[in-house]
Each structure stands twice: as C-alpha cells, then as structure tokens.
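One structure below.
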Amino acid sequence: MENTKIINRIFYLAGGDGSRFGENKLLYPLTVEGVSKPMYRHALDRVMDIVAARTTYELYVVTCHRDIYSYVKGLEPELSRMYAVFSPDSPKGLSYTIRTGLAAAGKTAPNVYDTFLVADMPYIREESLADFMHKVLQSGRTVGCMAENGRYKNPVMFQAKLEPLLIALEGDCGGKSVFLRYENEAYVYETSGELTDLDYKEDI
C-alpha cells in the first residue's frame, strides 16, 4: 500500500451465488448504455475510475469467484490502491464477505470511512457515486447511504470506528442493522433509477 493518507476504503462485494437469478449473475453479459460486459464489471469500472482519480481512496474487490478474482488480480500491477481479495466463505452469507474484506484491509483510523457497494447494481452512475462519497466524507456523519424514494439502499458508508459491529455480523446479514442503529447520524443521498439490484432475470 502507498503512504498516502487514505480516507475512504471501498469494498466492492462480489460474493453472491445468484441462486435466485438461475446462474452466476455477476458473470452474466449485460448491456448498459450500449456497452456489453459481465454484470459485475459495470459498477466496478466506474469505481476504478473514481479511485484512480483520488489518491486518498482505495478499493478492495472481495469475491469467491475465481474468474472475478483473476480479472482483478491481473489489473493490480497497473492500478494502484486496488486489491483483489479472495473470500471462499462468501457463499455462507454476506457477513463473511464483509468480514474478509475488512480483515484484508487491516486496522485504520476511526474517522476513515468504509464504503460497501454490491456488484449487482450495474446502473449506478459514476457521477452520483463519486458525489455521494464526497459529501458523506465532508459531512463527517457516522454513516451514510444512497436512497431512492425514501428507501435506504446500497452503497453504504460507515466510519471505521463501527468496524467491530460489522465484524460481528452473522450469516447473510449485511450492514443495514448497523446503519439503522446510527440512523439519526446518517447522511442520506437521494437519487433516482440507479440503485436497482438485479436478483432475477426478469429485473433486467
């Protein structure tokens, strides 16, 4: 890792098995704005651009899928502050993916933010994601999330002081329960039509 002071660690969670989708949805070819590539690549490519332009951000791609791990690992020499993390226990539930990512990143200052973004949200816009993270960082709020129509969605940001609570999650439980404990300290970023996660092929 570089000596640059990191203020935002982004964890790109690509550990789902796509059972409701009928196949590994993250590798499913999807066309967005005229560009076709595996589903997980759409948001990932935008996140990589954001991190490449900001020396105080770093990215951890956490996955149990060898194809995704190999792809990201192959990019590491070219892209600084991006790391592939293999998470063999991810099929047991989202908490395992979160815990593996945090373990790979190691301890950090309490006011650094941990941002979690799931890999099956291919319509999120780079401009919105970058603006959301920037505004949460500037706000200094304990937690932050993107929302649509008043509903909390992904991505979600937590100050690193909350990591013990995230590490304690079990099974398929994500960070929502932790977020709700600090809801009155949250920065909520409203957007529209970007945060659909594709659980079923009919959602496409």
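Residues Phe132 and Val188 form no side-chain contact, since every pair of their non-hydrogen atoms from C-beta on lies 4.5 Å or further apart. Side-chain atoms of Ile7 and Tyr113, non-hydrogen and from C-beta on, never get closer than 4.5 Å to each other. Glu183 has its side chain out of reach of Val143: every pair of non-hydrogen atoms, C-beta onward, lies at least 4.5 Å apart. Counting heavy atoms from C-beta on, the side chains of Ile98 and Val62 never come closer than 4.5 Å. Proximity of Ile10 to Val51: side-chain heavy atoms (C-beta onward) are separated by under 4.5 Å at one or more points. Side-chain contact between Met146 and Ile124 is present, with heavy atoms from C-beta onward closer than 4.5 Å. At a threshold of 4.5 Å between non-hydrogen side-chain atoms, the residues Glu58 and Met82 do not count as touching. Looking at Cys64 and Pro91, their side chains come closer than 4.5 Å, going by heavy atoms from C-beta outward.
Ring to ring, Tyr152 and Phe179 are close: their centroids are under 6.0 angstrom apart.
A donor and an acceptor atom, one from each side chain of Tyr123 and Glu194, are nowhere located under 3.5 Å apart.
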Chi angles and distances behind the salt bridge (Lys or Arg N to Asp or Glu O under 4.0 Å) call for Lys92, Asp89: CA-CA 6 Å; Lys92 297 178 182 178; Asp89 289 330; 3.5 Å; yes

Worked check of side-chain contact (heavy atoms from CB on, under 4.5 Å) between Leu129 and Leu117: CA-CA 10 Å; Leu129 179 57; Leu117 173 63; 4.0 Å; yes

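Atom CZ of Arg125 sits in a crowded spot, with more than 12 heavy atoms from other residues, nucleotides or ligands closer than 6.0 Å. Within a 6.0 Å sphere centred on CD of Glu127, heavy atoms belonging to other residues, nucleotides or ligands number more than 12.
Looking at His42, its side chain does come within 3.5 Å of a backbone N or O of Leu30 through a donor-acceptor pair. With Glu190 contributing its side chain and Gly150 its backbone, the two residues share a donor-acceptor pair below 3.5 Å. In this structure, the side chain of Arg41 does not engage the main chain of Lys37 through any donor-acceptor pair within 3.5 Å. Using a distance-only test at 3.5 Å, with no hydrogens or angles considered, a donor-acceptor pair links the side chain of Ser95 to the main chain of Gly171. A donor-acceptor pair is defined here as one N or O able to donate and one able to accept, closer than 3.5 Å; no such pair exists between the side chain of Arg9 and the backbone of Asp114. Distance alone, capped at 3.5 Å, is enough to place a donor-acceptor pair between the Glu76 side chain and the Ala84 backbone. Between the side chain of Ser90 and the backbone N or O of Ser87 there is at least one donor-acceptor pair closer than 3.5 Å. Side chain of Tyr12 to backbone of Tyr40: a donor-acceptor contact under 3.5 angstrom is found. The closest donor-acceptor contact from the side chain of Arg99 to the backbone of Leu169 lies under 3.5 Å.
Note on Phe116 and Val112: separate hydrophobic clusters, where clusters join Ile, Leu, Val, Met, Phe, Trp and Tyr whose side-chain heavy atoms are under 4.5 Å apart, directly or indirectly. Taken together through direct or relayed side-chain contacts under 4.5 Å among Ile, Leu, Val, Met, Phe, Trp and Tyr, Phe86 and Leu26 form parts of separate hydrophobic clusters. Hydrophobic clustering keeps Val178 apart from Tyr96 (ILVMFWY residues linked when any side-chain heavy atoms are closer than 4.5 Å, directly or through intermediates). Residues Met121 and Ile68 fall within the same hydrophobic cluster, defined by Ile, Leu, Val, Met, Phe, Trp and Tyr side chains chained together at heavy-atom separations under 4.5 Å. Hydrophobic clustering places Tyr189 together with Val47 (ILVMFWY residues linked when any side-chain heavy atoms are closer than 4.5 Å, directly or through intermediates).
Between Leu166 and Gly175, the closest heavy-atom pair is CD2-CA, 4.2 Å. In plain terms, the two heavy atoms of Gly93 and Asp172 that are nearest each other are CA-OD1, 3.4 Å. Of all non-hydrogen atoms in Ala52 and Arg81, the two that sit nearest each other are O-NH2, 3.9 Å. Nearest heavy atoms, Thr196 versus Pro122: O-CD, 4.1 Å. Taking each heavy atom of Thr63 and Tyr69 in turn, the nearest pair found is CG2-N, 3.7 Å. Among all heavy-atom pairs drawn from Met133 and Met157, the shortest one is CA-SD, 3.7 Å.
Put simply, CG on Leu44 and CG on Leu59 are 6.5 Å apart, with the number rounded to the nearest 0.5 Å. The structure places OG1 of Thr56 at 10.0 Å from NZ of Lys5, a figure rounded to the nearest 0.5 Å. To the nearest 0.5 angstrom, Asn8 atom CG is 3.5 Å from Thr115 atom OG1. One distance of note links OG1 of Thr97 with CG of Leu94; it measures 5.5 Å at 0.5 Å rounding. Going from atom CD of Gln159 over to atom OG1 of Thr142 covers 5.0 Å, rounded to the nearest 0.5 Å. Considering CG of Asp67 and CG of Leu27, their distance stands at 5.5 Å, rounded to 0.5 Å.
Ring geometry for Phe11 against Tyr60 counts as parallel: the plane angle stays under 30°, on a 0 to 90° scale with 60° as the upper cut.
Cation-pi geometry between Arg141 and Tyr182 is not met at under 6.0 angstrom from the ring centre and within 45 degrees of the axis.
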